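These numbers were taken from a predicted model, which means no experiment stands behind them. Chain identifiers are assigned alphabetically (A, B, ...) following the order of the sequence lines, protein sequences preceding nucleic acid strands; residue numbering begins at 1 within each chain.
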Number of protein chains: 2
Amino acid sequence: MNAADNVAFEFLRKRGLKITDGRKTIIREILAFGRPFEAEELLLNLGRGPERVSKATVYRTLKQLVEGGLVNQVFFGPAKQSYYDFSGGGAAHAHLADIQTGKIIEFTNPEITRLCEKISSRLGYHYVSHRFLILGRPATPETHR
Amino acid sequence: MNAADNVAFEFLRKRGLKITDGRKTIIREILAFGRPFEAEELLLNLGRGPERVSKATVYRTLKQLVEGGLVNQVFFGPAKQSYYDFSGGGAAHAHLADIQTGKIIEFTNPEITRLCEKISSRLGYHYVSHRFLILGRPATPETHR
DNA sequence: CTAGCTGCAAATTCTTTGCGGCTAA
DNA sequence: TTAGCCGCAAAGAATTTGCAGCTAG
């Protein structure tokens, strides 16, 4: 049993969900991505072959993964479509989107958590989690290489 | 001519758009909100009466306001639907969502801009803008009052 | 065995678009 | 006058759901 299946097994058991091939395949694929992804990307990779998983199952499973905290649902881009990313267990992270190419970069920064806690308490709240996206333009347009 | 119509007039003129009743009504309504809103809320308020504006015009105008920077398009909530808010000219602001009631609170904090700039440059980007949402739980559940 | 899953296709929801008539400049 | 708008209704895109058969536990 590999690492991804281990994550799947642990997660599904803890949540009282049945351990099915479809769910294991989806979780394995998400871990393999290693970056934020759209539901459709998952579908493209899983929509055929012997490990084929249907659209309905992909969406239903994503919802359960988000509810269980294994995956974060990130909202940005031209509305409509959601992005997701593996939460990795909880280390605070956020994203930077390259407004020229659309590329998404993930980063972590300890100041984010501090800032969230400070702002939350100032407004009378306990900090739970955050969604933070920076939009940026490449500092060095690859034109002089 | 009131303040809202002034904003509308300035914005539309600068962008080379015609100054129509529909657009003035929409901008007036957005300023009156004073908080983040959904397209549908705008439609509910504008969908009838003598100032009636059609759904198509609401969406078309929102798009132009976002392109022109008068309004920000914010993505959060249960996917699907976009939230918008009046940019107020550009002061960096962000939102805190009450995970118990769904209420959205807007706030500004100068550290956000500093942090965005620091992170962007560290990743090789110039900071353009951000979308920042904190999810929080009320610190004082109104139970002992 | 049976509660819970799955795939399929149809349904929903939010947003966009084509088009013919209207209007600000 | 005429480029740009508007409302309507139909089209699109992403996600959800009803249903009937399948399967993990």
Test item: A:Phe33 and A:Glu41 side chains (from C-beta on) under 4.5 Å apart, heavy atoms: yes

Without decimals, in angstroms, what is the distance between A:Arg15 CZ and C:dA3 P? 22 Å

What is the separation between atom NZ on A:Lys18 and atom P on D:dT23, rounded to the nearest whole Å? 12 Å

Distance in angstrom units between A:Leu43 CG and D:dA14 P, rounded: 11 Å

Side chain to side chain, B:Thr113 and B:Cys116, heavy atoms closer than 4.5 Å: no

Is there side-chain contact between B:Tyr127 and B:His130, with heavy atoms separated by less than 4.5 Å? yes

Looking at B:Thr57, I'd like to know whether one of its side-chain N or O atoms comes within less than 4.0 Å of OP1 or OP2 on D:dC5. no

How far apart are the closest heavy atoms of A:Ala94 and A:Phe132, and which atoms are they? CB-O, 3.3 Å

Shortest side-chain distance from A:Glu40, nucleotide among D:dC5, C:dC14, D:dA14: D:dA14

Rounded to whole Å, the CZ-P distance (A:Arg23 to D:dT23) equals 15 Å

Kindly give the heavy-atom pair with the smallest separation between B:Pro36 and B:Glu106, and that separation in Å. CD-OE1, 3.7 Å

Regarding A:Arg13, tell me which of base, sugar-phosphate or nothing describes its non-hydrogen contacts under 4.0 Å with the strands shown. nothing

Could you check if a side-chain atom of B:Phe9 sits within less than 4.5 angstrom of a side-chain atom of B:Val7, using non-hydrogen atoms only? no

Write down the distance between CG (B:Leu12) and P (D:dG4), rounded to a whole number of angstrom. 15 Å

Could you check B:Ile19 against A:Leu17 and say which one's nearest nucleotide on DNA chain C is further toward the 5' end? A:Leu17

How would nucleotides 17-22 of chain D be written as a contact map, 5' to 3', with B for base contact, S for sugar-phosphate-only contact and - for no contact, using protein heavy atoms under 4.0 Å? BB----

Starting from P on D:dT15, measure out to CD on A:Gln64 and report it in whole angstrom. 16 Å

Within the structure, does a side-chain N or O atom of A:Thr20 lie under 4.0 Å from either OP1 or OP2 of C:dT6? yes

Please report the distance, rounded to the nearest Å, between CZ in A:Phe9 and P in D:dA24. 14 Å

Using the side chain to side chain contact (heavy atoms under 4.5 Å, CB included) rule, take B:Leu62 and B:Ile30 through it: C-alpha gap first, then chi angles, then the decisive distance, then the call. CA-CA 10 Å; B:Leu62 274 175; B:Ile30 287 175; 4.1 Å; yes

Using whole Å, what does the distance between atom P of nucleotide D:dC6 and atom NZ of B:Lys24 come to? 12 Å

